[in-house]
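In what follows, chains carry the letters A, B, and so on, assigned in the order in which the sequence lines appear, proteins first and then strands, with residues in each chain numbered from 1.
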Amino acid sequence: MSKKIVLIDGHSILNRAFYALPVLTNSEGLYTNAVLGFLNILFKILDEEKPDYLTIAFDVHQPTFRHEMYAEYKGTRKAMPEELRGQVPLLKEVLKAMKISILEKGGYEADDILGTLAVRAEREGYEVSVVSGDRDLLQLATDTIKIRIPKTKKGGTEIENYNTKDVMETYGVTPKEFIDMKALMGDASDNIPGVPGIGEKTAAKIIMSFSSIENAYAHIDEVTPNKARESMINNREQAYLSKTLATIKTDCEVDYRIEDADYQEIYNEDAYNYFKRLELKSLLNRFSGVNASNAKSKKEEETKFETITGKKKAGEIFDAAVKVSGSGPVGFYLITEGEVLGLALSFGEDTCLLLAAEEAEALSGQDITAGLGRLLAAGKSFATLHLKEQLVFLPEEVREGIDDIAIAAYLLNPLQSSYECDDIARDYLKLTLPSQAEIFGKGSLKEFLKLKKEESTAFFCNYAYTALKAMPLVLEELRLKGMDSLYNTIEMPLVYALYDMEQRGIKVNKEELKEYGDKLTVGINRLEKEIYEMAGEEFNINSPKQLGVILFEKLHLPNGKKTKTGYSTSAEVLEKLQSEEPIVGKILEYRQLTKLKSTYADGLAVYISNDGRIHGKFHQTIAATGRISSTEPNLQNIPIRMELGREIRKVFIPEEGYVFLDADYSQIELRVLAHMSGDERLIEAYKENQDIHRITASLVFHTPFEEVTSEQRRAAKAVNFGIVYGISSFGLGQGLNISRKEAEDYINRYFDTYPGVKTFLDELVNEGKTEGYVTTLYGRRRPIPELTSSNFMTRSFGERVAMNSPIQGTAADIIKIAMIRVNEKLKALKLRSRLILQIHDELLIEAHKEEAEEVRKLLKEEMQNAAELLVTLEVDVNEGPNWYEAK
DNA sequence: ACTGTCACG
DNA sequence: ACGTACGTGACAGTT
């Protein structure tokens, strides 16, 4: 078997990758989409071909200013966009780090270098693949030289392959003839003039008959059509010049030895660090665990990371830590997995230790928490990451006075997808650390600690180390940005409220949930049968693809919208088709029932713990606006709008002797808007304390309050919602099912009615554009990078975000304040009632029957007074024996 | 792992 | 001309 070499056209592939992928930057702000796309293609090819040698060719283009101007004027080669320009050197650096052979030589085009190398390699007996986005290279194809052209298709890149016969099948000419064809037809992007009046079709025809332009000229009388012949005669010199220009050189003088192009160590430490820095996460798993953990940070080498075992030694460590904690902060991280597995500590200049729990009578989990308790009680300043997850193991008296650096980092930039140790080390310490997934995947922590001692020591020590070292930096930045009060008085105290909610959980009637599920199953089976009957065949109703075929091909329903992959079968589309075919209504009903069954009836059941309660998780660092999010399960999207779904709320019940109190803010976002905008009429409207949608309708449609029709009210309500979402006539039109023009009219009337709102929203967009972020009443920031986009759609999104985030975010801030106060008050008053859920503008409390009245008052009081606005905050409280009744 | 759909505020 | 309402999470199907 002959050896194989892959040659890649660097610029061409990078360029292609750039336009194929959406703009992407790492946290330093470096553009990385083209590099990522290039590497994806590179890896795909390496995986497929496993070549022995690999070289990437770049042309050293230093176009003069004039040249570029000329090219742009001609509309041929557009100047390289700024976002791509920087990625050229970046890619080269990455490739160098990967120790991949790069060839670039001034004065030659990449084409010519590739041609030269390909021909040389072929002559020396290699099998050759040339990868480029440029079809010009097809002229190089032979039986041993394969030209590969990546294509971006939906669902990834596919690569077209061309040997001699493939070129002939596709173009009807041989690769050599391809040059002549191009000489005739020309190529604007390569500045090949060609012969005027001859396009692809004619060129192909002529070359298929005569095989070369020389031969065509030799038999010029036989060339047809007449127009082409005339033009060829008149442009003879240009034709030959074009052929020269179109011919890729295969005899460049390049100093290159194929043997040097053996890429042996692409997965090395340097390369790993580059990938990590560029945040090319999807590619990191290519670096085997060994490589990843070998990539030690510099700090790690300076600071000794050590695992400590044994009670006595651990005691000494705690003594030392206690001493230090009087003067300086201590970083810690408690490693848990249902039990305490260890504790990482970092303090002083360079002390970083892991106390590992052991079997038998050595150092136990209890010893560790006791030691930590002693430390926390003695010191005053501590830093950790993900405090809420550790609280359950911290003795109760010492749970405060701890900074959660992950939460601080979230406030500084809420757009990140995660705030793990490696993210924070990267952003604030300029350190490259491996992530948990990179070192040990998703195996058990206990195994990891036991089997990979050295790696786990480093990994967990880094948590404590990162928390400690990043702490002064992030806290200072919070102060600089005026967010220290948000952090200290809202976010950190909220940690404890959320922790309490998770601990308490919510009781679920398991039997009733089961019955509810069974009821759904009966309905689902019935509908399934009916649908199969009506469709005339059985198919998977849950598959949008199969459903689309049935509805739009078999039953010939008019297909309205399309998605990327086919027909849209969304409820929005189906609702409009309901009158056409009875099957559509059945499908909608089926969808509703299966959703309820899978997500709620079956979905919730698996989360019921031994105590009969669901202990969902609440997340504080997910939503960009500052809202809380809920998972495992999501308790913030339990059905309510449709009666059948709403029924499920009956299975959420209070403990024996308790009742539910459910309190929700009435239109908190609109009230926040009234306050923030200061619009006098909106404020006045709220002072009336009447139906705001009706008032708005009355003002907007110039109709007396009493005479507002339900249709007018509905429209006004939609406009109110639209305003909060960041108004757009298109979106409002969709929401109301009216034309864009009508929607625009509504919006204009609205802004005429409430001019202060208009000014306020305009100011928000301006602020977003000049500052790069918008803020809530409490100083929470949301950066909006989309506002600088040159893409209309992206920028418009940014504008809507600029209008929505301060409103949604301020409402989130307010309810967080209420939660903290309610939770603290319940505890301070030694009541048995507890806060158990937050659903954005609603709090659910499990109140002891004897305390119900007191708690109702307290709840209403604290929620209403959580913020002092220009309009009052109204709160409705309801009581009930289950969540259904309490709402 | 991504897409479509749908549950909530 | 472009083509979406803001913020989330879960499930099923497809790649």
Discussion item. If you take the centroid of each ring, where Trp contributes its six-membered ring, are A:Tyr750 and A:Tyr746 closer together than 6.0 Å?
Written reply: no
Discussion item. It should be established whether A:Lys617 places a side-chain nitrogen or oxygen under 4.0 Å from OP1 or OP2 of nucleotide C:dG9.
Written reply: no
Item to complete: Rounded off to whole Å, could you give me the CG-to-C1' distance for the A:Asn542 and B:dC6 pair?
Response: 12 Å
Worksheet item: So what does A:Ser630 touch, heavy atoms closer than 4.0 Å: a base, only the sugar-phosphate, or nothing?
Response: sugar-phosphate
Fill in: Pair A:Thr696, A:Tyr754: side-chain N/O donor-acceptor within cut-off below 3.5 Å
yes
Item to complete: Grab the CD-C1' distance between A:Glu786 and C:dT4 for me, whole Å please.
Response: 13 Å
Discussion item. For a quick check of understanding: with a heavy-atom distance under 4.0 Å over all strands, which category does A:Ala718 fall into, base, sugar-phosphate or nothing?
Written reply: base
Item to complete: Establish, yes or no, whether the cationic atom of A:Arg782 lies under 6.0 Å from the six-membered ring centre of A:Tyr773 and within 45° of the ring axis.
Response: no
Item to complete: Select base, sugar-phosphate, or nothing to describe what A:Ile622 touches, counting heavy atoms under 4.0 Å on all strands.
Response: sugar-phosphate
Practice prompt. Mind calculating the distance between CG (A:Leu593) and C1' (B:dA7) to the nearest angstrom?
Written response: 14 Å
Response to the item:
Among C:dG3, C:dG7, C:dG9, the one nearest any side-chain atom of A:Met793 is C:dG3
Item to complete: Please check if atom NZ in A:Lys510 has more than 12 non-hydrogen atoms from other residues, nucleotides or ligands closer than 6.0 Å.
Response: no
Worksheet entry | side chain to side chain contact (heavy atoms under 4.5 Å, CB included), paired with A:Thr594, selected from A:Thr599, A:Leu520, A:Asn542 | A:Asn542
Item to complete: Assess the side chains of A:His619 and A:Ser630: does a donor N or O sit below 3.5 Å from an acceptor N or O?
Response: no
Fill in: Sugar-phosphate, base or nothing in reach of A:Ile640, heavy atoms under 4.0 Å
sugar-phosphate
Discussion item. Using the side-chain heavy atoms of A:Ala624, tell me which of these nucleotides is nearest: C:dT8, B:dG9, C:dA10.
Written reply: C:dT8
Worksheet item: Just wondering, do A:Phe730 and C:dT4 stack (centres under 5.5 Å, planes under 30°)?
Response: yes
Worksheet item: Checking side-chain hydrogen bond (donor to acceptor under 3.5 Å, both in side chains) for the pair A:Thr569/A:Arg591: CA distance, chi angles, key distance, verdict?
Response: CA-CA 11 Å; A:Thr569 66; A:Arg591 281 246 179 95; 2.7 Å; yes
Item to complete: With P as the reference atom in both, quote the distance from B:dA7 to C:dG3 in angstrom, rounded to an integer.
Response: 28 Å
Worksheet item: For A:Glu874 and A:Thr872, what are the C-alpha separation, side-chain angles and deciding distance, and is it a side-chain hydrogen bond (donor to acceptor under 3.5 Å, both in side chains)?
Response: CA-CA 6 Å; A:Glu874 290 300 321; A:Thr872 57; 3.2 Å; yes
Practice prompt. In whole angstrom, give me the gap between the P atoms of B:dG4 and C:dT4.
Written response: 12 Å
Discussion item. With a 4.0 Å cutoff (strictly under), does any side-chain N or O of A:Arg641 reach OP1 or OP2 of B:dC8?
Written reply: yes
Practice prompt. May I ask you to say what A:Ala812 touches in the nucleic acid, namely base, sugar-phosphate or nothing, with a heavy-atom cut-off under 4.0 Å?
Written response: nothing
Worksheet item: Any side-chain N or O of A:Gln546 less than 4.0 Å from the OP1 or OP2 oxygen of C:dT14?
Response: yes
Worksheet, complete the sentence: Note, DNA chain C 5' to 3' with Watson-Crick or G-U pairs under 3.5 Å encoded as ( ), [ ], | and . gives .....|||||||||.
Response to the item:
Testing B:dA7, B:dG9, C:dT4 for proximity to the side chain of A:Pro639, the answer is B:dA7
Practice prompt. With heavy atoms under 4.0 Å as the rule, sort A:Ala811 into base, sugar-phosphate or nothing.
Written response: nothing
Item to complete: Check every strand shown and say whether A:Ile839 touches a base, only sugar-phosphate, or nothing at a heavy-atom separation below 4.0 Å.
Response: sugar-phosphate
Fill in: N or O in side chain of A:Thr599 less than 4.0 angstrom from B:dC6 OP1/OP2
no
Worksheet item: Which part of the nucleic acid does A:Phe792 contact within heavy-atom distance under 4.0 Å: base, sugar-phosphate only, or nothing?
Response: base
Practice prompt. Would you kindly give the NE2-to-P distance between A:His619 and B:dG9, to the nearest whole Å?
Written response: 19 Å
Item to complete: Kindly point out which of B:dC6, C:dG7, C:dG3 is positioned nearest to the side chain of A:Ala623?
Response: C:dG7
Discussion item. Regarding A:Arg782, tell me which of base, sugar-phosphate or nothing describes its non-hydrogen contacts under 4.0 Å with the strands shown.
Written reply: sugar-phosphate
Fill in: Side-chain N,O (A:Ser568) to OP1/OP2 (B:dT5) below 4.0 Å
yes
Discussion item. C:dT14, OP1 or OP2 - any side-chain N/O from A:Ser543 closer than 4.0 Å?
Written reply: yes
Fill in: Length of the CZ-P vector between A:Arg795 and C:dG3, whole Å
14 Å
Worksheet item: If you check every side-chain atom of A:Arg649, which of C:dG3, B:dC8, C:dG9 has the closest atom?
Response: B:dC8
Discussion item. Does a side-chain N or O of A:Asn637 approach OP1 or OP2 of B:dG9 to a distance below 4.0 Å, or not?
Written reply: no
Item to complete: Taking only Lys NZ, Arg NE, NH1 and NH2, and the carboxylate oxygens of Asp or Glu, determine whether A:Arg780 and A:Glu491 approach each other closer than 4.0 Å.
Response: yes
Worksheet item: Which nucleotide sits closest to the side chain of A:Lys545: C:dT14, B:dC6, C:dC6?
Response: C:dT14
Discussion item. With a 6.0 Å cut-off (strictly less than), is the heavy-atom count around NZ of A:Lys860, excluding the residue itself, greater than 12?
Written reply: yes
Practice prompt. Check whether any side-chain N or O of A:Arg800 sits under 4.0 Å from OP1 or OP2 of C:dA5, and answer yes or no.
Written response: no
Worksheet item: Over how many whole Å does the gap from A:Ile648 atom CD1 to B:dC8 atom P extend?
Response: 11 Å
Discussion item. For a quick test of reading the model: is some side-chain N or O of A:Ser796 closer than 4.0 Å to OP1 or OP2 of C:dT4?
Written reply: no
Worksheet item: Which part of the nucleic acid, if any, lies within reach of A:Glu632 when heavy atoms closer than 4.0 Å are counted: base, sugar-phosphate only, or nothing?
Response: sugar-phosphate
Discussion item. Looking at A:Gln636 and B:dC8, is any side-chain donor or acceptor paired with a base atom of the opposite kind under 3.5 Å?
Written reply: no
Worksheet item: Quick one: A:Ile815 CD1 to C:dG7 P, roughly how many Å, whole number?
Response: 19 Å
Worksheet entry | Short side-chain donor-acceptor distance under 3.5 Å, A:Glu786 and A:Thr794 | no
Worksheet, complete the sentence: Taken to the nearest whole Å, CG/A:Asp813 to C1'/C:dG7 is 14 Å
Worksheet item: Looking at B:dA7, C:dG7, B:dC6, which one has an atom nearest to any side-chain atom of A:Ser570?
Response: B:dC6
Practice prompt. Report which part of the nucleic acid A:Asn540 touches: base, sugar-phosphate, or nothing (heavy-atom distance under 4.0 Å, all strands).
Written response: sugar-phosphate
Worksheet item: When we call it a touch if two heavy atoms are under 4.0 Å apart, what does A:Gly722 touch: a base, just sugar-phosphate, or nothing?
Response: base
